[in-house]
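A quick write-up on the structure given underneath.
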Amino acid sequence: MAEIIHTSRITITRDRGPVRIAHIEGFSEPVFYGVHGGIQKFYKVDPIEEHAATLDHIVGAVSA
Amino acid sequence: MMGTFASVLATKKIRTHTDRFRADVEGDIENVDGVLKITVIRVHYVLKLSHEEENDAHWAMENYIEKCPAAMSVTGCIRIEHSLEFDSE
C-alpha cells in the first residue's frame with residue numbers, strides 16, 4: 001500500500017441554483033463552482049451568476 | 001457530485017439549498033512509485049430531511065453518480081466513495 005502524503009479536506013455547500021461553495025482546509029477564501037458557456041447551454045439553466053464549472057477546474061488543475 | 005446529487009434529489013422534491021445540504025470531502029494523495037497521485041476521494045453528504053423523504057434520498061444516492069460529469073471523468077483513475085447521513089428535521 002502506498003504512503004499517504006496528504007489528505008485534502010474540503011467542505012462544500014450549495015448556494016442558489018447550480019452554485020456550490022467549497023471551503024478548502026487551510027484557506028480562508030472559498031472556491032465557487034457553477035455553470036457557464038456550453039455547460040450552461042447543455043443543462044438549460046439560467047444562473048443568477050456564472051462561475052467556472054467543476055470540469056473547468058479539473059482541466060485547469062490537471063494542466064497547471 | 002454534489003450538484004448532480006442535488007439535481008436528482010430535486011426530482012423527488014427534496015430541497016438541498018444553503019444549510020440543508022453539505023458535503024464533507026477527503027481526498028488522499030499518495031506516493032505511488034515516487035509520484036503523488038490522488039487515489040481516493042471520499043464524499044460524505046449530510047442532508048437535512050424528514051423521515052418520509054429518506055427512501056427517496058436513498059434512491060437518489062443510488063442513481064445520481066452515473067449522471068455526474070466530474071465523477072465520470074475520473075472514474076477508473078480515482079476511486080470514489082460516497083456516503084449519506086441524514087440530519088432529521
May I ask you to test the [X]-[Y] pair for a side-chain heavy-atom distance under 4.5 Å?
X: R42(B); Y: D28(B); answer: yes
X: H36(A); Y: D56(A); answer: yes
X: M1(B); Y: V25(B); answer: no
X: P69(B); Y: Y43(A); answer: yes

Residue from H58(B), H44(B), H51(B) passing ring-ring contact (aromatic ring centres under 6.0 Å, His included) with F86(B) |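 It is H58(B), the one option of H58(B), H44(B), H51(B) that forms the ring-ring contact (aromatic ring centres under 6.0 Å, His included) with F86(B).
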Is it the backbone or the side chain of R20(B) that comes under 4.5 Å from a heavy atom of chain A, or both, or neither?
->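 Contact with chain A is absent: no heavy atom of R20(B) under 4.5 Å.
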Taking non-hydrogen atoms and a cut-off under 4.5 angstrom, which of residues 70-82 of chain B neighbour chain A?
->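 Residues of residues 70-82 of chain B touching chain A at under 4.5 Å: A70(B), S73(B).
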Contact list (residues 3-19 of chain B to chain A, heavy-atom gap under 4.5 Å, by number) returns G3(B), A6(B), T16(B), H17(B), T18(B)
Audit row: H57(A), V31(A), side-chain contact (heavy atoms from CB on, under 4.5 Å) steps and yes/no = CA-CA 10 Å; H57(A) 284 267; V31(A) 177; 3.7 Å; yes
Any idea which heavy atoms bring G34(A) and R20(A) closest together, and the distance?
-> O-NH2, 3.7 Å
Which heavy-atom pair separates M2(B) from A23(B) by the least distance, and what is that distance?
-> CE-N, 3.7 Å
Which portion of R9(A) sits near chain B, non-hydrogen atoms under 4.5 angstrom | both
Heavy-atom distances under 4.5 Å only: say whether Y33(A) touches chain B with side chain, backbone, both or neither.
->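 No part of Y33(A) comes within 4.5 Å of chain B.
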Identify which of I10(A), T54(A), T11(A) forms the greatest number of heavy-atom pairs closer than 4.5 Å to chain B.
-> I10(A)
Any chance you could measure E85(B), atom CD, to D24(B), atom CG, to the nearest 0.5 Å?
-> 8.5 Å
With the 4.5 Å side-chain cut-off for hydrophobic clustering, are M61(B) and I41(B) part of the same group?
->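 In one cluster with M61(B): I41(B), yes.
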Report yes or no: do F21(B) and I21(A) belong to one cluster of Ile/Leu/Val/Met/Phe/Trp/Tyr joined by side chain heavy-atom distances under 4.5 Å?
->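 Per the 4.5 Å side-chain linkage, F21(B) and I21(A) are not co-clustered.
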